[in-house]
Structures are given as C-alpha cells and as structure tokens.
Number of protein chains: 2
Amino acid sequence: MSHSQDMLRTNTAFLQFVEQLFEDKQAGNTIQLKSFAAGAHLIRQGSIISQVYIIREGITKCYIAEDNGKDYIFEFLGPGEITGELEAINKGACLSNITAITPVTVFAIPHDRFMALLRSYPEFNELLLKVLAARIYQTCIRTSYQQLYPVEYALLRLLALEASQQTFFSKKDMAAYLGISVRSFNRTLKDLREKNILDKKGLNIDLSKEQLEQMIKRFEEA
Amino acid sequence: MSHSQDMLRTNTAFLQFVEQLFEDKQAGNTIQLKSFAAGAHLIRQGSIISQVYIIREGITKCYIAEDNGKDYIFEFLGPGEITGELEAINKGACLSNITAITPVTVFAIPHDRFMALLRSYPEFNELLLKVLAARIYQTCIRTSYQQLYPVEYALLRLLALEASQQTFFSKKDMAAYLGISVRSFNRTLKDLREKNILDKKGLNIDLSKEQLEQMIKRFEEA
DNA sequence: AATTAAACGGGACATTTGTCTCACTCCCAG
DNA sequence: CTGGGAGTGAGACAAATGTCCCGTTTAATT
C-alpha cells in the first residue's frame, strides 16, 4: 500500500474517507473547506495550530527552514495527504512549513474532532497508521540514499520520478529536496547532459526504462 | 512527550504497557521473550517477519545497508522502543537491519496479535501513534540539519547527546549515524580539538552547557 | 512596449569530504 | 607469547560541493 517511491505523495483512500465524512451532515459539520493561493502558507514552522488539514486539491511542499537561511524539503504533498497530524498527536509546535505550490483547497478538522474521529472510526485510525508508517518508510529510504550515494544518483532518481508523475518543480525546490545548493544541482545536470544521459535541452531523461535501471545498477556497483 | 532530541531512543510508557500485557496470563499468552547476543541480528533488511519486537533491555541499532557497502544508521533503540511495526502495518519486507549492540531481550508479538491489540486497547493504539509521530518528528529534524549544516555542527550535537546520555558508541557507528566516512569523522574531531572545543584526549566536550549553546548559536548565525 | 523581479546557467575559487594507504594499539584465540 | 583482526588516527591526493559572482532568459506588471 502506497509503498511506491513517490516524490509527490497522494492518498486516494484517505481522501475518499474524508470526502465522505464531509458530505455526511452529522459527522461533517465540524469540517471546513479552506483555500490557499499559490505561494501561501498553510502552516508556519514553530507556530501553534488547532486543526489538521487534508489536501483536497493542489500541491504543497513541506519543508524546514533552518536558521542559516537554507531550506530542506521533506516531501511534496498532493490530494489525500494530511498535514498537521503530528501536532495533533503530540501537541507541539509545528515542525515544518507547508506552503501551496499550486492553488490548494483543504479540509480542515479541529484537533479534538480529529482525535475523536480516530477513536470512533477504526478504519480511519488504520488509514492514519498506514500513512505514518509509509512516511517513515519513505523518509528512511530517501535519507539513506541521499547520504550514501553521490548526488548524481539521487538526481537521476528524482528526474525519473518527476517524469513518471508528469509533475514539474522549480530548480530551487528540487535542490532543496535533494539537500544541495542550486549550483550543485545545475552542475550535476550539466554533467549528466555531457554524458548523454539527459536531453541537451531540458530535464528529460534520454534513456529507456531499462537503460535507466542499468545506470542505477552501475551506480550501485561502483 | 518524548520530543527531546535523543540519539538513543527509549519509551517507558510503551515498555510498561507491554510489560503488563505480558504479565497478564490471558492477554500475554502469545507474547514471547527472546534474547540476542551482542552483534546478533534481530531483523534483517529485506526479509519477511511475522512479529514485532519491543525491546525490554539492551541497545540496538537500526540501519539500512546500501548496495555500495555503506550503512546509514537511523536510530539507536533502547528499552520500550518497538521495531518491525512498519512491516506489521504495511505488510512489506523489512526496511532495515536491527542488530544488538549490547545483549538484548525483547518481547515478541505476532503481527495479527499486535494488530488485534491495537484495536482492543485504544490506549495502546494511542501510544503507537505517538511513537510513530515522534519518529517522524525526530527524523525530519535530524535529516534537515545533517543536510544543511556542516558536519562539525552535527558532530557537536551528537557528542553533546552522547555525553548527556552517558552512552558510548564506536566511531564507525557514530560516522554511520552522521552519514559520513570514518575519515571525515576523525578529521572533524581533530579540528574541534584544535579549536579547543574538545578534550585533547577523547570525546568529551570541553565546554559548559552555556558555552556549547553559544557555539551552536554561532554556527547557526554563520 | 518598457520595467522589474525572479529563475536560470555557469565560471572561478575555496572548502569539504571521500578514497586509499599506512602505522599504531589493543585484545583475544591459538 | 604471538599472530591476526578490529578499532583507531592521520597524510596525500582526488572528487564533490559550496560560495560568490555576473550575464541571460523568462514571466509578470505597469
């Protein structure tokens, strides 16, 4: 379930469940719809929030801004993904920023209501467990290969994911996702182009799936 | 709750709960005790397991071994920490290796039993939610500063944690925890010694808490 | 159409990190 | 006591990455 390596995470099952709750006059009366323009903050790191958001439409990025001015993007969240749940569970200040990349609409559920839902709908509880488990899973895998493989490799994976998902992010965001500077990002792109692995022009991987897998295998052996 | 930045994670509440279950003849009859010698594998990456383990005693390390021969340690798990829960929730192969650093004893609970416990004990369910949330929280924070700050800074934090917890790991493990080579680890240690931040001899931070905080602040401003 | 801000691409140089290597110590099994 | 293996420490060099900078392109607004 949702174990596939995604740069942009989505969760249809979760979205459907919340959608249904929202439709239900009884259960849904504390659930609000909210909209955010592209670039707007849904959640600000360090602030206190009293609701969880489930993304109904649009794409957001979830990142920590360090004091030295650098950002690290953990994930791009799309429809069906929840944010602010850590804060609901542990009652702390917000871990990260969430900002809208495209225009976004969300379901907003107050914390106490959210916790009550978990208790009254075991199915919902289990969906959340799966979401959290999947996040840990993904984060571990990603962190590990970003630390232990050259950037070139991580970048290739990133581009492959981007291509397969038909989504496109700014270079700045992609660099922040990889935890490197934009300069390094560009440099690596150039290297890959010179090796004829990428289009001269853009970001399209100039390889078949088989070839890409071979590339990656080669990296792993080296 | 357990938000403090720990290198060695422990969880008293969780341990107590499982301990009680184990004592209870009715509920505990499917819970086994298992022991592992130092260095033994509790869980092998990629394998299939059918139980979750809750550490009763001892220290383990949780790491991914990449194909290029490098390891990345996510966390050191101590008493009360659970492992194998991701696999119970998502039914996949094991994400990571767990090996015993010291002799270890664990409670072993079969997957189906574990999932049943979550349903029948809301309190247990909530404890698990908190554990998962705390892991995400910690992982995000750590990943971010390891990517965005110089190694020197991450290393200082690591040593401070080690000192405050009175735990000591091999250099190899500490390097794997930081995602760097042992060589870099040593080099950075040497630099810190030359700057009179560390003991000439060993790994003790040669600063008061206030001084250390100042150091870290200086890093953050730079 | 003109203006501005942001994104992009890359040169030059400094710094950081990895790889390879060798030497030293310690401990333990033979 | 002794040889081997693991852990440790560091020199020398190569490779990767960051910083600073500037010119170009693109997109949005006036």
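For CZ of B:Arg187, the number of neighbouring non-hydrogen atoms (other residues, nucleotides, ligands) closer than 6.0 Å is greater than 12.
Considering only residues two or more places apart in sequence or on other chains, B:Asp71 meets the salt bridge (Lys or Arg N to Asp or Glu O under 4.0 Å) condition with none of them. Among residues two or more places apart in sequence or in another chain, the salt bridge (Lys or Arg N to Asp or Glu O under 4.0 Å) test is passed with A:Glu87 by none. With sequence neighbours left out, B:Arg56 forms a salt bridge (Lys or Arg N to Asp or Glu O under 4.0 Å) with B:Glu19. Judged as a side chain to side chain contact (heavy atoms under 4.5 Å, CB included), and not counting sequence neighbours, the contacts of A:Lys70 are A:Asn68, B:Leu148. Partners of B:Lys172 by side chain to side chain contact (heavy atoms under 4.5 Å, CB included), not counting sequence neighbours, listed by chain and number: B:Ser170, B:Val182. Remark: B:Thr83 engages B:Ile43, B:Tyr53, B:Leu77, B:Ile98 in a side chain to side chain contact (heavy atoms under 4.5 Å, CB included) (not counting sequence neighbours). When the ring-ring contact (aromatic ring centres under 6.0 Å, His included) test is applied to B:Phe36, no partner is found at least two apart in sequence or on another chain. For B:Phe14, the ring-ring contact (aromatic ring centres under 6.0 Å, His included) test picks out B:Phe124, with sequence neighbours left out. Looking at residues two or more places apart in sequence or on another chain, you find no ring-ring contact (aromatic ring centres under 6.0 Å, His included) involving B:Tyr63.
Atom CG in B:Asp191 sits roughly 13 Å away from atom P in C:dT15 (whole-Å rounding). Atom P of nucleotide C:dT16 and atom CG of B:Leu178 are separated by 16 Å, given to the nearest angstrom. Computed from coordinates, the B:Asp71 CG to C:dG18 C1' distance equals 16 Å when rounded to whole Å. Rounded to whole Å, atom P of C:dT19 lies 12 Å from atom OH of A:Tyr149. Protein atom OH of A:Tyr153 is 20 Å distant from nucleotide atom C1' of D:dT17, rounded to whole Å. Residue B:Phe169 contributes atom CZ, which lies 18 Å from atom C1' of D:dT8 at whole-angstrom precision. Remark: P of C:dG18 and CD of A:Glu152 are 17 Å apart, rounded to the nearest angstrom.
For the helix from C:dA1-D:dT30 to C:dG30-D:dC1, the angle separating the two terminal helix axes comes to 40°, with each axis derived from five pairs and the value rounded to 10°.
Phosphate proximity of C:dG9 to A:Lys171: present, with a side-chain N or O under 4.0 Å from OP1 or OP2. In this structure, A:Lys190 does not reach the C:dC8 phosphate: none of its side-chain N or O atoms is under 4.0 Å from OP1 or OP2. OP1 or OP2 of C:dG10 has not a single side-chain nitrogen or oxygen of A:Asn186 nearer than 4.0 Å.
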5' to 3', nucleotides 18-30 of chain D under a 4.0 Å protein heavy-atom cut-off (B base, S sugar-phosphate only, - none) gives BBB----------

Counting primed atoms, P, OP1 and OP2 as sugar-phosphate and everything else as base, the B/S/- map of nucleotides 23-30 of chain C against protein heavy atoms under 4.0 Å is --------

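Under a 3.5 Å cut-off, the side chain of A:Asn97 and the backbone N or O of A:Gln45 do form a donor-acceptor pair.
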